[in-house]
Amino acid sequence: MSTNTPPAGRPEALYRLAERVAIEAAEFVRVSRPPGRVEVAATKSSPTDAVTEIDRATEDLIRAAIAAERPDDGFVGEEGEDLIGTSGVDWVVDPIDGTVNFVYGIGAYGVSIAARVDGAVVAGCVVNVATGETYGAVLGGGAWKTQAPAGGPTTPLTAPTPPSVALALVATGFSYRPEIRAAQAAAMTQLLPQVRDIRRIGSAALDLCGLAEGRCDAYVEQGLKPWDLAAGSLVAAEAGIVLEGLDGPPDERLVMAAHPLICREYFALVRACGF
Ligand code: IPD
């Protein structure tokens, strides 16, 4: 699927809007970023949880672009007030997932836009701002990646067969809150000796898209917000990845994800390690 071959149907139409706006927003982030370190405008859950003026301006751009086409939809964004809609559709948006990377100039941050219908994510798009790669998925319609520039070649995503759990490369992330981070670090000291290695890239949305394309084998994180998770988790799931939480679907308490061939063993290990 690509911008050149628009599919029909409601989730697909929502996807087309998500993709168009995400690409526009990613270009805005790219051209707005000054050289060097970006100034932090404010902090949120802890002094390490940063927001920049560009995060805010990007969310404003996304809100306006979606509202212009779908004024009755709801909106849940990382940087602004929730908007309750009347259409049954709402948009779950992280204008810059990987803000700390953005601040430091580390090229792993993305725009993440998902559409939910009656609470279920049906379409998701993540654009890696630095590389221009676009990851997309529609519920039941598969996942794909479009090479930069926008409109470039599109390839379907099927998560590759992983090695054993013992040889799995595990992507993860840590909370901004010190007390939660300490518990996560303790669990990680249990997990790390039992897998190939860990990667803390700094963008959950890109981690989940990376899982979909085989840049890691498994994932675990606690404390993700809906905007970190919504689009990337659909891309991963549609690429064949199994996602699970503490007692059902993944949520803020726990997100575990892995290929079906290793997921049962990996999820049991993650829980045994104290996550
Ligand atoms: C963060 C990133 C990070 C994850 C944090 C998220 P933000 O999102 O996704 O990888 O570990 O939990 O909060 O704050 O950069 O939008």
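- Screening residues 163-172 for side chain to side chain donor-acceptor pair (under 3.5 Å) gives no qualifying pairs among residues at least two apart or on separate chains.
- Using a 4.5 Å heavy-atom cutoff, the side chains of Val93 and Trp227 are not in contact.
- Side-chain atoms of Tyr104 and Arg37, non-hydrogen and from C-beta on, do get closer than 4.5 Å to each other.
- For the pair Asp217 (side chain) and Leu169 (backbone), a donor-acceptor distance under 3.5 Å is present.
- Atom CG of Leu229 and atom CG of Asp94 lie 11.0 Å apart (nearest 0.5 Å).
- Residues satisfying the salt bridge (Lys or Arg N to Asp or Glu O under 4.0 Å) criterion with Glu179, sequence neighbours excluded, are Arg177.
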Given Ile62 and Phe75, is the side chain to side chain contact (heavy atoms under 4.5 Å, CB included) satisfied, shown in steps? CA-CA 10 Å; Ile62 295 169; Phe75 195 98; 4.1 Å; yes
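- With sequence neighbours left out, Arg264 forms a salt bridge (Lys or Arg N to Asp or Glu O under 4.0 Å) with Glu244.
- For residues 245-275, no pair satisfies ring pair (Phe, Tyr, Trp, His ring centres under 6.0 Å), with sequence neighbours left out.
- With sequence neighbours excluded, the residues that form a ring pair (Phe, Tyr, Trp, His ring centres under 6.0 Å) with Phe102 are Tyr109.
- Under the side-chain hydrogen bond (donor to acceptor under 3.5 Å, both in side chains) criterion, Arg33 pairs with no residue at all, not counting sequence neighbours.
- The side-chain hydrogen bond (donor to acceptor under 3.5 Å, both in side chains) test applied to Glu69 returns Arg20, not counting sequence neighbours.
- Checked against salt bridge (Lys or Arg N to Asp or Glu O under 4.0 Å), Glu238 has no partners two or more places apart in sequence or in another chain.
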Determine, stepwise, if the pair Trp91 / Leu83 fulfils side chain to side chain contact (heavy atoms under 4.5 Å, CB included). CA-CA 9 Å; Trp91 297 84; Leu83 178 68; over 6 Å; no
Validation: residues 135-143 side-chain donor-acceptor distances under 3.5 Å, sequence neighbours left out:
from, atom 1, to, atom 2, distance (Å)
Tyr135, OH, Glu213, OE2, 2.5
Tyr135, OH, Arg215, NH2, 3.4

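- Every residue two or more places apart in sequence or in another chain that forms a side chain to side chain contact (heavy atoms under 4.5 Å, CB included) with Lys44 is listed here: Asp49, Val51, Glu78, Glu79.
- Ion pairing between Arg16 and Glu12 fails under the 4.0 Å rule for side-chain N and carboxylate O.
- The pair Glu59-Arg56 fails the salt-bridge criterion, with no side-chain N (NZ, NE, NH1 or NH2) lying under 4.0 Å from an Asp/Glu carboxylate O.
- From Asn128, atom CG reaches atom SG of Cys209 across 9.0 Å, with rounding to the nearest 0.5 Å.
- Counting only N and O atoms by type, the side chains of Asp55 and Thr99 include a donor and acceptor under 3.5 Å apart.
- The structure places CD of Glu27 at 11.0 Å from CG of Leu61, a figure rounded to the nearest 0.5 Å.
- A salt bridge (charged side-chain N to carboxylate O under 4.0 Å, His left out) check over residues 98-121, counting only residues at least two apart or in different chains, returns the pairs Asp90-Arg116.
- By the salt bridge (Lys or Arg N to Asp or Glu O under 4.0 Å) test, Glu221 pairs with no residue at all, sequence neighbours left out.
- Arg199 places no side-chain N or O within 3.5 Å of a backbone atom of Ala171 that could act as its donor or acceptor partner.
- The line from OG of Ser233 to CG of Asp228 is 10.5 Å long, rounded to the nearest 0.5 Å.
- For the pair Ser46 (side chain) and Tyr176 (backbone), a donor-acceptor distance under 3.5 Å is present.
- Side-chain contact check for Ile241 versus Tyr219: every heavy-atom pair is 4.5 Å or farther apart.
- Remark: side-chain polar atoms of Glu53 are not paired, donor with acceptor, to backbone N or O of Ala41 under 3.5 angstrom.
- Taking the side chain as every heavy atom from C-beta outward, Arg271 and Leu246 approach each other to under 4.5 Å.
- Taking a cutoff of 4.0 Å between a charged side-chain nitrogen and a carboxylate oxygen, Asp247 and Arg253 qualify as a salt bridge.
- With hydrogens and angles disregarded, no donor-acceptor distance shorter than 3.5 Å links the side chain of Asp97 to the backbone of Ser112.
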